[in-house]
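What follows is a short report on a single structure.
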Amino acid sequence: MLDLKRIREQPDAVRQAIRNKNEKGDVEAVLAQDTRRREIIAEVEQLKNTRNVVSQDIARLKKEKQDADAQIAEMKVVSDTIKRMDEELRDVEGALRDALLLLPNLAHESVPVGASDADNADVRAWTPDKAIGLTEEPEVPLLDHIELGKKHRILDFDRGAKLSGSGFPLYTGEGATLERALINFMIDVHRRDHGYREVFPPFVVNTESMYGTGQLPKMSEDMYRCAEDDLYLIPTAEVPITNMYRDEILDTDMVPARFCGYSACFRREAGSYGKQTKGFLRVHQFNKVELVKFARPEESYDELEALVVDVERILKLLEIPYRVRLLCTGDTSFSSAKTYDLDVWAPAEKAWREASSCSNFEDFQARRANIRYRPDGPKSKPEFVHTLNGSGLATSRLMVAILENYQTPEGKIIVPEVLQPYAGFSLIG
RNA sequence: GGAGAGGUGGGUGAGUGGCUGAAACCAACGGUUUGCUAAACCGUCAUACUGGGAUAACUGGUAUCGAGGGUUCGAAUCCCUCCCUCUCCGCCA
């Protein structure tokens, strides 16, 4: 949610920023409701003041056993008017809030203006000494992750579809073990080496939480909902972890706070059928280790850079080729002010696949979720924190990269060295 | 699923219709005293919105005792609905 004062004072800048973001947002509606709201407030508060003052008089008169019928009759009328105006005010405030919730976050000034992923900026790339398809050509035709999964009976998309529908991956044997190893490895690195506090969150949340991080009201089509209980399956651990501190004020020494947590992630991916739907590339359920930070506003962009470096470290330890891209305004998501994507190399497809997305939301989520902190000791006035998060990382896309990059000419799969202690084996096949 | 209890400021907890934005205590913050620590004492101690003022200092107003309605001139206090938490029983991992 944007600061209403900012919209009021710089409507043109906000309008332009929304256009840059490739989003629609009705600034006029916000301004109109805001004006109307303040008109009503001025009027109704005047009436309430009258009511309070005269009510005191009535109390005094009654105490002195004097007649107060005239005042009571007068206040009856005033109270009715107040009631009517309060109703109108509530409607206007509801409309204002609805309009405000639909405005996207504005991009940071360092984000390149652009319309689509073609305008994203390459920041840096990293490749291990040996990388098939990049530093050396494959000796034999490469198998893709689906073929490798089938060959070794470690990924069973067909039976997953039987159980739940397409897009619900089933891991078996070493595949299941490797998935679990990967999750544990990533959490351990972030927890032990990078100083994040581990969280194991609930996988379903209520509507307030979904509004807090910005999934609602816009993305409701994309989420699984348990209608009976009015709960949503989380699309990312960002939702529960960020909402841990919804409607709270963090102590000064708690900020910056850094959390990492695993969750299964559920996405309906409505309307995206036919796009990269094979295998792991677009699934309804996947596993992800998420990083979430609550930062001081003046430090949040440093925290974003550090966050990206933390995610890169995982890929370096796994020795997976990757690149970092800065998303342009048009490709930056609704709630984000600045986003870096990390793409991993999938040699069988000869393609870079997004495996992580790291964003600074500035105070956009904090405003919605009402998460504040005291900047300077227990007496200082609370301010909104900046929230950040990044995938650290999603296992599905990472598994594609691992299987394809680590395949041998014989079609076997070497387990990345850092995962071997976690998996308990070093070779599949 | 059945039965019951309860939701008041950072915490504990008073408060059954008007002078209660809300006692008291604790915590926190500032200070005094003290050889140091501790203790004691004094003071401060909510937030949001809105108006005036320079988008200052300061200041007027309104709202807020789980949420929303209702009764009333007036509600933390009475009535209704909802939400949440806790305890016991049953069921279950």
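Numbered from 1 within each chain, the chains take letters A, B, ... in sequence-line order.
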Measure the distance from [atom1] on [X] to [atom2] on [N] and round it to the nearest whole Å.
X      : N     : atom1 : atom2 : answer
A:R38  : B:A48 : CZ    : C1'   : 15 Å
A:K83  : B:U72 : NZ    : P     : 7 Å
A:D86  : B:G69 : CG    : C1'   : 13 Å
A:L4   : B:U50 : CG    : C1'   : 12 Å
A:L96  : B:U50 : CG    : C1'   : 14 Å
A:N370 : B:U64 : CG    : P     : 19 Å
A:R372 : B:G10 : CZ    : C1'   : 13 Å
A:E248 : B:A46 : CD    : P     : 20 Å

Measure across [X] and [Y] and return the closest heavy-atom pair with its distance rounded to 0.1 Å.
X      : Y      : result
A:S209 : A:N243 : O-ND2, 2.8 Å
A:L388 : A:A295 : CD1-CB, 3.8 Å
A:L106 : A:A17  : CD2-CB, 3.6 Å
A:L96  : A:V30  : CD1-O, 3.5 Å

Please state whether the phosphate of [N], meaning OP1 or OP2, lies under 4.0 angstrom from any side-chain nitrogen or oxygen of [X].
X      : N     : result
A:K381 : B:C45 : no
A:R8   : B:U50 : yes
A:N206 : B:C83 : no
A:S79  : B:U72 : no
A:K76  : B:C73 : yes
A:R60  : B:C19 : no
A:N49  : B:G61 : no
A:N52  : B:G74 : no

Pairing nucleotide - [N], Watson-Crick or G-U, each distance under 3.5 Å:
N     : answer
B:U71 : none
B:G21 : none
B:A14 : none
B:U87 : B:A3
B:A38 : none
B:U44 : B:A28
B:G60 : B:U50

Give me the distance, rounded to whole Å, that separates [N] from [M] when you measure between the [atom1] atoms they each carry.
N     : M     : atom1 : answer
B:A14 : B:A76 : C1'   : 12 Å
B:A39 : B:C80 : P     : 49 Å
B:A22 : B:G61 : P     : 14 Å
B:G9  : B:C65 : C1'   : 9 Å
B:G43 : B:C25 : P     : 11 Å
B:C19 : B:C41 : C1'   : 30 Å
B:G7  : B:G66 : P     : 8 Å
B:A27 : B:U50 : P     : 37 Å

What nucleotide among [options] has an atom nearest to a side-chain atom of [X]?
X     : options             : answer
A:I41 : B:U50, B:G18, B:A48 : B:U50
A:R90 : B:A63, B:U50, B:G69 : B:G69
A:R37 : B:G74, B:A48, B:C49 : B:C49
A:S55 : B:G51, B:A63, B:G18 : B:G18

Sugar-phosphate, base or nothing in reach of A:K63, heavy atoms under 4.0 Å: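 Since a base atom lies under 4.0 Å of A:K63, the category is base.
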A:T50 or A:E9, whichever maps to the more 5' nucleotide of RNA chain B: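 Looking at RNA chain B, the more 5' nearest nucleotide goes with A:E9.
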If each of A:E87 and A:E45 is mapped to the nucleotide of RNA chain B with the nearest heavy atom, which maps nearer the 5' terminus, i.e. the 5' end?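 Looking at the nearest nucleotide for each, A:E45 comes out on the 5' side.
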Salt bridge (charged side-chain N to carboxylate O under 4.0 Å, His left out) between A:E23 and A:K218, worked out: CA-CA 12 Å; A:E23 298 268 359; A:K218 276 204 75 175; 3.1 Å; yes
May I ask you to check whether [X] and [Y] place their ring centers less than 6.0 Å from one another?
X      : Y      : answer
A:H145 : A:F280 : yes
A:F364 : A:F334 : yes
A:F294 : A:Y245 : yes

